[in-house]
Each structure stands twice: as C-alpha cells, then as structure tokens.
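Heavy-atom basis, side chains included; hydrogens, waters and symmetry copies ignored.
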Amino acid sequence: MGTSGLICAFLLASCCCCRRVAGVPGEAEKPAPELLEVEVGGTALLKCGPSHSQSNFSHVDWFSVHKEKPTLIFRVRQGQGQSEPGEYQHRLHLQDKGTTLALTHITPHDERIFLCQGKRPRSQEHRVQLRVYKAPEEPTIQVNPLGISVNSEEPEEVATCVGRNGYPLPQVIWYKNGRPLKEEKNRVQIQSFQIVESSGLYTLQSVLKAQLAKEDKDAQFYCELSYRLPSGNHMKESPEVMVPVFYPAERVWLEVEPEGMLKEGDRVEIRCLADGNPPPHFSISKQNLSTKEMEEESTDDNGILVLEPAQKEHSGLYECQGLDLETTVSLLSDQQELLVNYVSDVRVSPAAPESQEGSSLTLTCEAESNQDLEFQWLREKTGKVLERGPVLQLRNLKREEGGGYRCVASAPSVPGLNRTQLVNVAIFGSPWMTLRERKIRVKENTMLNLSCEASGHPRPSIIWNVDGTASEQDQDPQTVLSILSVLVTPELLETGAKCVASNPLGENVTSIILELDSNRTNSLSTSTFSPPARANTPSRLPEPESKGVVIVAVTVCVLVLAVLGAVLYFFYKKGKLPCGRSGKQEITLPPSRKSEFVVEVKSDKLPEEMGLLQGSNGDKRAPGDQGEKYIDLRH
C-alpha cells in the first residue's frame, strides 16, 4: 500500500471510528486535515490551527503520523522550541512567535500528516496534510531502430518514452501525427513501468506498441507527460520521431538522368525505382535488336546502369525487374525507350583536295544523323565562317588560300550536338619561303639554332649549306619547318648560312647573314632564332631593326649637314668666304689655326646599314672602312 493509501486509511479510521490518538483527549469526530502543497526542495510552513485562532500556543507538541503511528518530533514550551532526535531534528524551527513550525528541504518522504497538540488552557489538536510535488525532466524518446513490418500479426514496438525524476508519478499520453492514441485490442498497446529512485522520485518508462500500415511510413510519433505542481497542471512533450516501416513493393519503374534530349558523349544514368521498403533487388535489361529478346545489362554496386560516354548504339528499349527477397515476388516495369541523338560519319569530298593557282575548287560536306542537320564552313587558322550550307566554292585560288578548312555539321534541335571534319586544300606551286634574307646578331663561340620555314605543294624538303644538326617539323601538310643547330665560328660569320627548299616544281632560298653583337657575353650559350610571321609574297621584308638603323643614319647626316651649313654661312658673313661662279675658293685662316680646322663626319653604323649614304653610282665601301668621312677644309 502506498503513502496515499495509508493516509486515506488513517483518515477513514479517524473519521468513521472516532478513535482518539494516544494521549489526545476528547471523543468528538476529527475534522479533515488542512492541505498544504510544497515543491521538492522548498519549505513547508506548518500552522497549529487556523490563522484567526486565539489559542495559546505556549505549550504545543508536534507529531509526524506515518503508517497511522504518531511520532513526537518537536516540543514548544513557553514559546521555546526543541526538536526531538530523529529524521526531522535539523530541519525544524519555529516562526511567527511560535505559531508556525517551518520544515525545510522538503523531499518526497515528507508527504504525510503532521499533527500539533496543545494542552493549555484545554486540550486541542490540528492536522496538516503535506503534499509534495516535483516536475519531471524533459521526456526522452527512443524509436525502434529495427523498424516494423506491415506483415506483422501482432503489435510491434514503435518507441519508448522515459520521464525521469518526477513526483508524484506523471501520466503519459502517446500521439501519432498530433492525435492522441488510445489502447486498442490487437492494434495499439501502451505499457508503462515506474521506478522509485532512492530520492523517492519516480522515473516513468512507457512503451508504445502498434500494428502499422504502409500509410504510416511518414507518421510522426511523440509522447506527452502530464503532471501537477502547486501552481496547477502542466505537461512536457518529447521530440517527434519516425519509425522505419517495411512493406513490399507494388510497382517498379525506370528513371533516366539527365532528363530531356540526350546526345552522344553525355553521361547517362539509368536506375530502377520501387514503392517498397526496403527496395527489392533490381536488374536492368535491354532489348537485343536482332533477337528482340531482353538481355540483362551490367550495373554498378547500387544497381545503376551508367552509359559514359553515351553512344547511338545505346538507343533502344529498357526495362527493370525487381525481386523482393523476402516474399520472392518479382515485378517488371514498363518498357522505356532511350534515344541517344547523334551526328556521325562527317565526310568531305574530295577528301584530299588540290588545285592550281587561279583555278576553282568545290568542297562538299555530308554527315549521318537522326536529326535534321545544318552545315557551315570555317577557315581553320582564323575561325572565320566562310559559308553556311554543305557546299563551299573556292574561286580564283591563290597560294595563301591553301591550308585547313573545317566543316561543322550540327543538329539545332539538340543543343551542343555537332561533329566536324578538317580538310587541307593543297595549291600546286614551288616552295614559298617566309623571307629571302635575314640578319641575325650573334656572338662568336655560341651555339645557335637557325630556323627556316617553307611551304608548297608537293611538300618541299629543306637542306642547309653549312654543317650542323638539322631537324624538321611539319606545320601542316604543305609546310615544313627546319631547325639547324650550329656553333658560331669565324668561318660561319664570314659565309653566313643558306637554306634551300625544293620540290618537283622548283626551289627557293633564304639567306641568313650573321653579324657580331658586342653586347653579348663571351660565354658559350645557345640562342634560337625563329622566322617571323609569313608574308604574302616571297620577297624580302625590311626587318624592324634595319628600319631603325636607317632612320638614325639619316638623322645624323641631316645634323652634320646643318652644322656644316652654319660654319660656311658664318665665314660668308665675315667676308672670308667669297662666293661666285668661278669655282673653288680658298678659305683664309690665321696661320696658327690653319692646321686645326677639320670637320669630322663619323657614323658607327655597319657598312650594310649605311646604304642610304652611298653615292648614286652604287660604289660600296671597302671592308676596312668603318663609315668615317673627313672634310678637310684646310685646302
């Protein structure tokens, strides 16, 4: 029998049988105890009679009634209190001039009747029923991790709710999708257990069992604890949980990613889906176009068929089969057609076009596709669109129009679907050199890489007139680049180098002149000189460095002539330079300065860069001449 039961039994015995407590005088029926509610840890103020009572409390005994047995716990004599040895010895003290007994640090064990008895001027007693309360902690909920099968014949455990350290025992209510659950035979069961802690508080454990259906796969379950405090009724809710619900599949189907129109080169994933949990074992099959039979395809560990890159051969009918390993029931999906759009077999005719300069040429492009195609022609080296359509007309061909042309076949209805074909147009002709002559500044005793580029049809070959290590690289079907690695020697500086390009239609030459560069170091090093961008004609183009040298030479000459004119004008003004038509005249100077007046015109330019300073007869300066001129005005 619990504490409440004992109290009720005590009250019943007290009220019905009119029994007297030992030592308590009087035979009248005892009134109902005064109710006092306190939370655990608080202080109970026990009053010996109503607040308006005029009784004398100078001589009072307090009793604790447990299992109908009163036990003296406190005495009041002449307004002074004294605790009796026992469980309450250190928790009791008087308040309000002895009219109130304070009991501190309330625990659940203190829930009982307390009785006070006064003896002067006459015998009297007062009962106080102490009720103790403690709110439980926030409830916790643990879902069944193994899940529940809809095929179970009896209710299975859904979740367990635990409310700890409450007093008195709280009430639990289970909810599904916000609606309270009630016990239902063979459908819903709620089993609750209580644990009494050493502190006297209760821990409640409640287990919900139920039979679930497929519709409960997304159901939300939670529990609610209802309890009372001196302030009123309260409740606490647990978090919501979902329990795994297992049910057999009723339908399987195919899903293809990405959605929309597919094209060759895409990554395509085909997967099976089902409305069962857990999903069945899947297999994917494709129809054999020859036998019309479905043949199983290889899938990855997740049962997904990956097509990467997708090809037109992957087009066809696919289906999925799902096998429930528990029920051994097999389900087939509807067949689904997969279409991989393609553009293939792009062809250009003629495949190896060649023509003479000044003639015309027609190029035709074709391709295979399951979609309507559009064609366009591009110049390979510039990317410029030349023609829209499958036919490209080239008229009055020039040598520089040889080279690559690209046909692009695209399907406008499928974004990104296109294929191309490159064709090289060959123009018959003798080798065409980038430059006829080049100048290179070098330092003696250095390794030098000389390059020479030539184009023509048939493809030319290149030879050098000096010894070295030569290698060739094909720039395109009609162009070759030859690189010669040589050591700069005095002999090479004197003779220079020549590369000769030849084919059955002729030959062409590029001369390379080597000049010493005083700014370079004497250490052995390697330099590479590549040809500049190809010109439209084989004639030599002036080099940027030579243009600068000519401009500087002309500027120096103009300045020298200006100085000379100023000097002559000065003497003319002094009257020492008679001008007439009779020919040469001597300039008269003081004897002491006749031998000093010399005008020097000097240039540090190399001989081949002073061409503008040569006479009209084209006479060239001797090799030892450093470009210095002296105008002697002494004679």
Side-chain angles (χ1 to χ4, degrees), residues 1-9 37 39-40 108 111 131-250 275-278 326-327:
M1 181 183 297
T3 304
S4 301
L6 291 174
I7 294 173
C8 291
E37 296 180 327
E39 288 192 48
V40 169
E111 187 170 84
R131 297 291 186 191
V132 179
Y133 299 94
K134 168 70 167 62
E137 298 174 5
E138 293 291 335
T140 61
I141 189 168
Q142 180 65 47
V143 72
N144 177 9
L146 301 179
I148 298 176
S149 173
V150 298
N151 296 325
S152 177
E153 296 179 357
E154 294 183 355
E156 298 286 340
E157 180 180 332
V158 176
T160 300
C161 177
V162 178
R164 301 183 184 277
N165 299 323
Y167 194 89
L169 189 69
Q171 300 297 315
V172 63
I173 302 176
W174 282 94
Y175 291 84
K176 183 178 79 170
N177 294 331
R179 295 183 177 181
L181 290 173
K182 295 183 179 180
E183 286 197 284
E184 183 180 347
K185 187 177 181 180
N186 297 328
R187 294 289 299 172
V188 179
Q189 295 179 4
I190 300 175
Q191 299 176 349
S192 297
F193 309 91
Q194 66 184 51
I195 300 173
V196 181
E197 307 291 348
S198 60
S199 62
L201 300 176
Y202 289 107
T203 292
L204 174 68
Q205 180 174 308
S206 180
V207 179
L208 172 65
K209 295 184 178 181
Q211 275 191 324
L212 300 182
K214 180 180 178 179
E215 293 74 19
D216 296 322
K217 61 185 178 65
D218 298 321
Q220 303 277 350
F221 294 89
Y222 68 94
C223 65
E224 174 188 283
L225 296 182
S226 298
Y227 58 96
R228 190 178 184 281
L229 295 177
S231 58
N233 294 323
H234 301 269
M235 65 88 173
K236 290 183 177 181
E237 294 179 347
S238 74
E240 293 182 329
V241 294
M242 294 175 58
V243 63
V245 179
F246 303 124
Y247 47 90
E250 299 176 357
D275 60 354
N277 185 36
E326 182 178 350
T327 64

### Query
So Val196 and Tyr202, side-chain contact (heavy atoms from CB on, under 4.5 Å) or not? Walk me through it.
CA-CA 5 Å; Val196 181; Tyr202 289 107; 3.4 Å; yes
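- Across all their heavy atoms, Thr160 and Val207 have their closest contact at OG1-CG2, 3.8 Å.
- Using a 4.5 Å heavy-atom cutoff, the side chains of Val245 and Lys214 are not in contact.
- Nearest heavy-atom pair across Trp174 and Ala159 is CH2-O, 3.7 Å.
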### Task
Could you walk me through whether Asn165 and Glu137 pass the side-chain hydrogen bond (donor to acceptor under 3.5 Å, both in side chains) test, one step at a time?
CA-CA 6 Å; Asn165 299 323; Glu137 298 174 5; 2.8 Å; yes
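- For Tyr222, the ring-ring contact (aromatic ring centres under 6.0 Å, His included) criterion is met by Tyr175, not counting sequence neighbours.
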### Audit row: His234, Arg228, side-chain contact (heavy atoms from CB on, under 4.5 Å) steps and yes/no
CA-CA 6 Å; His234 301 269; Arg228 190 178 184 281; over 6 Å; no
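- The minimum heavy-atom distance between Lys236 and Pro139, with the atom names listed, is CB-CD, 3.7 Å.
- Separating the CD1 atom in Ile148 from the CD atom in Gln211 is a distance of 9.5 Å, to the nearest 0.5 Å.
- Side-chain contact between Ser226 and Asn233 is absent, with no heavy-atom pair separated by less than 4.5 Å.
- Under the rule for a side chain to side chain contact (heavy atoms under 4.5 Å, CB included), the partners of Asn151 that lie at least two apart in sequence or sit in another chain are Ser149, Pro248.
- Annotation for Gln205 and Val162: closest pair CG-CG2, 4.2 Å, computed over non-hydrogen atoms.
- Atom CZ of Arg164 has 12 or fewer neighbouring heavy atoms from other residues, nucleotides or ligands inside a 6.0 Å radius.
- Residues Pro239 and Ile141 come closest through the heavy atom pair O-CG2, 3.5 Å.
- Pro180 and Ile173 make their closest contact through CB-CG2, 4.1 Å (heavy atoms, listed as atom of the first residue, atom of the second, distance).
- By the neighbour-count criterion of 12 heavy atoms within 6.0 Å, atom CD of Glu326 is sparsely surrounded, having that number or fewer from other residues, nucleotides or ligands.
- A donor-acceptor contact shorter than 3.5 Å is absent between the side chain of Thr203 and the backbone of Ile195.
- Side-chain atoms of Glu111 come within 3.5 Å of backbone atoms of Val132 as a donor-acceptor pair (strictly under, hydrogens ignored).
- Applying the 6.0 Å contact sphere to CD of Glu39 captures more than 12 heavy atoms from other residues, nucleotides or ligands.
- Exactly one of Gln189, Arg187, Glu183 qualifies for a side chain to side chain contact (heavy atoms under 4.5 Å, CB included) with Lys209. That residue is Gln189.
- The CG atom of Asp216 sits 7.5 Å away from atom CG of Asn177, with the distance rounded to the nearest 0.5 Å.
- Between the side chain of Asp275 and the backbone N or O of Glu250, at least one donor-acceptor pair lies under 3.5 Å.
- Not counting sequence neighbours, Glu237 has no partner by the salt bridge (charged side-chain N to carboxylate O under 4.0 Å, His left out) test.
- The distance from atom CG of Leu208 to atom CD of Glu156, rounded to the nearest 0.5 Å, is 12.0 Å.
- In this structure the side chain of Pro136 never reaches within 4.5 angstrom of the side chain of Leu204, judged on heavy atoms.
- In this structure, SG on Cys161 lies 11.5 Å from CD on Gln142, to the nearest 0.5 angstrom.
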